[in-house]
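The structure under discussion appears below in the form of structure tokens.
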Amino acid sequence: MFITFEGPEGAGKSTLIQSLAVLLRSRGLSVTTTREPGGSPVAEKIRALILDHPMSPWTELFLYEAARAEHLAQTILPALTRGDVVLCDRFTDSTLAYQGHARGLTFKSVHAVNRVATGGLKPDLTVLVDIDPALGLKHAQDKNRFEAEGVAFHRKVRQGFLKARALAPTRWITIRARSGTPDKMAETLLKKIEPWLKRVKAKALRKKVK
């Protein structure tokens, strides 16, 4: 099962992912946690380039997609093949929100490049960890050039996430950021994703029977 986590800067996605991973492992599930940009040695090097150096929106987009293609090949697809639950901090919807909406490259253009980089792979479930961008920037800890863009830019990013969610609402679950401790939020989220987990378990059982 492939679950992605999206949201504005400072929403606390990374901490929530780690707490959820602990709960899933306690149920006997094998879990891989990863992130974008990054998640593999080459993709991590591209991450440093993206986050530290100003560049044109198109250059930014293609670097994200190059990192994503490598990330898929080296980390995500092997983990899914093993039968892991993959929890990924950001994926294609972040590219839609940041480059497609906030940078103005259009959803149509970004959708097309996303499809090429992913080979058409889509998350089974996407969790939007929502927060007011002004508050999120106060909590953000991974200091980089995106955080320096300011509140107006990050309000556009949040609008981009809401637009992406509206295009595929059945794939999304929305939770409020910092609405409790990470452990409590993970417990709440686990209850929400139970229907997806049950479907995955049923699918696995059918494969074993065959």
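Going from atom CG of L128 over to atom CZ of F5 covers 11.5 Å, rounded to the nearest 0.5 Å. One finds the NE2 atom of H154 at 5.0 Å from the CD atom of E9 (value rounded to the nearest 0.5 Å). The OG1 atom of T4 lies 7.0 Å from the CG atom of L125; values are rounded to the nearest 0.5 Å. If you take CG on L80 and OG1 on T75, they are separated by 10.5 Å, rounding to the nearest 0.5 Å. Distance check: H111 NE2 to T95 OG1 gives 10.5 Å after rounding to the nearest 0.5 Å. With values rounded to the nearest 0.5 angstrom, L189 atom CG is found 5.0 Å from I175 atom CD1.
Between F107 and L167 the shortest side-chain heavy-atom distance falls below 4.5 Å. Within the 4.5 Å cutoff, no side-chain heavy atoms of V116 are placed close to those of E65. Between M55 and L63 the shortest side-chain heavy-atom distance falls below 4.5 Å. Inter-residue side-chain proximity for Q99 and P57 is flagged as unmet; no heavy-atom pair is nearer than 4.5 Å. S14 has its side chain within reach of D89: a pair of non-hydrogen atoms, C-beta onward, lies under 4.5 Å apart. Residues L190 and R27 meet the side-chain proximity criterion, which asks for heavy atoms closer than 4.5 Å.
Of the charged side-chain nitrogens involved, at least one lies within less than 4.0 Å of a carboxylate oxygen, so that D130 and R158 count as a salt-bridged pair. Between E6 and K163, no side-chain nitrogen of the basic residue sits less than 4.0 Å from a carboxylate oxygen of the acidic one, so the salt-bridge criterion is not met. Under the 4.0 Å criterion applied to side-chain N and carboxylate O atoms, E194 and K191 are not assigned as salt-bridge partners.
Side-chain atoms of D124 never come within 3.5 Å of backbone atoms of I3 as a donor-acceptor pair (strictly under, hydrogens ignored). Side-chain atoms of D132 come within 3.5 Å of backbone N or O of A134 as a donor-acceptor pair. Side-chain atoms of R47 do not come within 3.5 Å of backbone N or O of A67 as any donor-acceptor pair.
Inspection of the T174 and R165 side chains reveals an N or O donor paired with an N or O acceptor under 3.5 Å. There is a side-chain donor-acceptor pair under 3.5 Å between H71 and E36.
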Intermediate values then yes/no, side-chain contact (heavy atoms from CB on, under 4.5 Å), R68 and N114: CA-CA 9 Å; R68 177 165 296 136; N114 274 345; 3.1 Å; yes
Derivation and outcome, side-chain contact (heavy atoms from CB on, under 4.5 Å), residues K13 and R35: CA-CA 10 Å; K13 301 184 309 313; R35 68 176 183 177; over 6 Å; no
Candidate pair L23 and D183, rule side-chain contact (heavy atoms from CB on, under 4.5 Å), full reasoning: CA-CA 9 Å; L23 290 179; D183 289 346; over 6 Å; no
Test log, rule side-chain contact (heavy atoms from CB on, under 4.5 Å), inputs H101 and L96: CA-CA 6 Å; H101 192 75; L96 290 171; over 6 Å; no
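Separation of the Y64 and Y98 ring centroids does not fall under the 6.0 Å cut-off.
Among all heavy-atom pairs drawn from P182 and L16, the shortest one is O-CD1, 4.0 Å. The two atoms that bring A186 and S19 nearest to each other are CB-CB, 3.7 Å, heavy atoms only. Of all heavy-atom pairs spanning F2 and C88, the tightest one is CE1-CB, 3.8 Å. Looking at every heavy atom in both residues, F91 comes nearest to L121 through CE2-O, 4.1 Å. Summarising the geometry of E70 relative to V42, their closest heavy-atom pair is CG-CB, 3.7 Å, with the distance given to 0.1 Å. Residues S30 and D84 share a closest heavy-atom pair of OG-OD1, 2.8 Å.
A continuous path of hydrophobic side-chain contacts links I173 to L197 [ILVMFWY only; heavy atoms under 4.5 Å]. In the hydrophobic clustering of this structure, L24 does not group with V86; members are Ile, Leu, Val, Met, Phe, Trp, Tyr whose side-chain heavy atoms approach within less than 4.5 Å, directly or through other members. Connection of L137 to V157 is not established within any shared hydrophobic cluster, with ILVMFWY side chains joined at heavy-atom distances below 4.5 Å, either directly or through further cluster members.
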